Asks: 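Mind looking over this structure? Questions follow.
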Amino acid sequence: MKKLTFAYESQSDLRILNTGHGWKVEAPQSGSRLEGGPLGEDIYQLEQFHCHWGETSAEGSEHTVDGRAYAGELHLVHWNTTKYQSFAEAAQHPDGLAVLGVFFDVGNESNDEIEKIVSTLSEIKFKGQFTDIPDVIDPTTFLPSGLGYWTYLGSLTTPPCNECVIWIVYKEPITVTEEQLVQFRCLSACSGEAEEFIVKNYRPPQPLGNRALRECNA
Ligand SMILES: NS(=O)(=O)c1ccc(C(=O)NCc2cccc(O)c2)cc1
Ligand SMILES: [Zn+2]
C-alpha cells in the first residue's frame, strides 16, 4: 500500500457536544486531507472526532489486538470528498468514510490534547449540551509517533452500522491518565436532572468473517 498521508489544520473554538453516548467534537475541516494507504486515489476530509471507553481501563476499545482490549479508542472520522457531495451521501457507500482509530493506554502522563477536551466536559454534563473548546486543537497531536496500522473494510460501530468505513487502526497507542478516563465516565446520558453516567460506550468486536485485514509498518 502507498504511504498514508494526512494534513490537518489547527482550529480553535471547535464545538464539542454531549451526544448522550459520549462526547463528539465537530471538526469539519475543508482544508484537511487524508489520502494514500488503503484509500486509493480519493481524498478524505475530517468531519468529526469522538472516542469510546469502558467502565474500567481493562476494556473500552472497539478493536482488540490478539484478543487484548485497550482502555479506550479515539476515532477521527473522515469522508470521501472526491466521490461524494456530503457526509450523509458518503455514508451510503463502502468507500465513503475513513476512520482513524487510536488506542488509549493508561499511563502517568496525561495527554495535553485530551486534557483540552476534558476541561470542557463539566459544561456539557447532560445530553444535548454543547460548548466551544477555547484552546487550539491540532488533530495531528492525537496520532502516535509510530504510524504502523492495520486496515480493513468495516462499518460504523453505532446504529445504523452502515458498511461504509475503511478502518485504519494505528498499532501504537497514545497515553491518557485514569483521571482523564474518569472524567469521560462522568458525562450523563440524560438531558434532565436524572444522572445516568455514560460509563461505557464501546461496541465489542464483531466476527471478521471473510474480510481481509491488511497491515502497513510505516
Ligand atoms: N464509531 S464510528 O467511528 O464507527 C462512527 C462514526 C460516525 C457515525 C455517524 O456519523 N453516525 C450518524 C450518521 C450515520 C449515517 C449517516 C449519517 O448522515 C449520519 C457513527 C459511528
Ligand atoms: Zn467511534
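The basis for the numbers below is simple: all heavy atoms, side chains too, and nothing from hydrogens, waters or symmetry mates. Source: prediction; values computed, not measured. When a ligand or atom number is given, it counts from 1 through the structure's own listing order.
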Asks: Is there a donor-acceptor contact under 3.5 Å linking the side chains of E73 and Y202?
Replies: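 No pair is found: no donor N or O on one side chain lies under 3.5 Å from an acceptor on the other.
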
Asks: Q48 heavy atoms, cut-off 4.0 Å: which ligand 1 atoms fall inside?
Replies: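 Under 4.0 Å from Q48, ligand 1 has these atoms: 7 (C).
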
Asks: Strictly below 4.0 Å, N to O, side chains only: are E55 and K200 in salt-bridge contact?
Replies: yes

Asks: Determine how many protein N/O/S atoms sit closer than 2.8 Å to the Zn ion (ligand 2), leaving waters out since they are not shown.
Replies: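 There are 3 of them.
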
Asks: Table please: side-chain donor-acceptor pairs of residues 7-14 below 3.5 Å, with sequence neighbours left out.
Replies:
unit_1: Y8; atom_1: OH; unit_2: H78; atom_2: NE2; d: 2.6
unit_1: E9; atom_1: OE2; unit_2: G31; atom_2: N; d: 3.2
unit_1: Q11; atom_1: OE1; unit_2: Q29; atom_2: NE2; d: 2.9

Asks: How many angstroms lie between atom OG1 of T120 and atom CZ of R15, to the nearest 0.5 angstrom?
Replies: 12.5 Å

Asks: Heavy-atom contact under 4.0 Å between V99 and ligand 1?
Replies: yes

Asks: Protein heavy-atom contact under 4.0 Å for atom 7 (C) of ligand 1?
Replies: yes

Asks: Would you mind running through ligand 1 and noting each atom that sits below 4.0 Å from a heavy atom of W167?
Replies: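 Listed by number with element, the hits are 3 (O), 4 (O).
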
Asks: Are K171 and E215 ion-paired here, with the side-chain N under 4.0 Å from a carboxylate O?
Replies: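 Yes.
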
Asks: Suppose we measure from atom 19 (C) of ligand 1 to each protein heavy atom; which comes out shortest, and what is that distance?
Replies: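 That would be F87 CE2, 3.9 Å.
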
Asks: According to the side-chain hydrogen bond (donor to acceptor under 3.5 Å, both in side chains) rule, which pairs have a member within residues 101-111, sequence neighbours left out?
Replies: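 side-chain hydrogen bond (donor to acceptor under 3.5 Å, both in side chains) check on residues 101-111 returns R68-D105.
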
Asks: Of the backbone atoms (N, CA, C, O) and the side-chain heavy atoms from C-beta on, which set of A88 has a member under 4.0 Å from an atom of ligand 1: side chain, backbone, both, or neither?
Replies: both

Asks: With heavy-atom distances below 4.0 Å as the criterion, list the atoms of ligand 1 near H52.
Replies: 1 (N)

Asks: Tell me yes or no: between the side chains of S155 and E163, is some donor less than 3.5 Å from an acceptor?
Replies: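 No pair is found: no donor N or O on one side chain lies under 3.5 Å from an acceptor on the other.
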
Asks: Which atom pairs, one a donor and one an acceptor, fall under 3.5 Å between side chains of residues 91-103 and the rest of the protein, sequence neighbours left out?
Replies:
unit_1: Q92; atom_1: NE2; unit_2: A88; atom_2: O; d: 3.1
unit_1: D95; atom_1: OD1; unit_2: Y84; atom_2: OH; d: 2.5
unit_1: D95; atom_1: OD2; unit_2: K83; atom_2: NZ; d: 2.5

Asks: Can you tell me the protein heavy atom closest to atom 16 (C) of ligand 1 and the distance?
Replies: A91 CB, 3.6 Å

Asks: Between the candidates T158, T157, L156, which shows the shortest non-hydrogen contact distance to atom 14 (C) of ligand 1?
Replies: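 Nearest option to atom 14 (C) of ligand 1, by heavy atoms: L156.
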
Asks: Between S57 and E178, do the side chains contain an N or O donor and an N or O acceptor separated by less than 3.5 Å?
Replies: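 Checked: S57/E178 side chains pair up, N/O donor to acceptor below 3.5 Å.
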
Asks: Taking Q183 for its side chain and Q180 for its backbone only, find out whether a donor-acceptor pair lies under 3.5 Å.
Replies: no

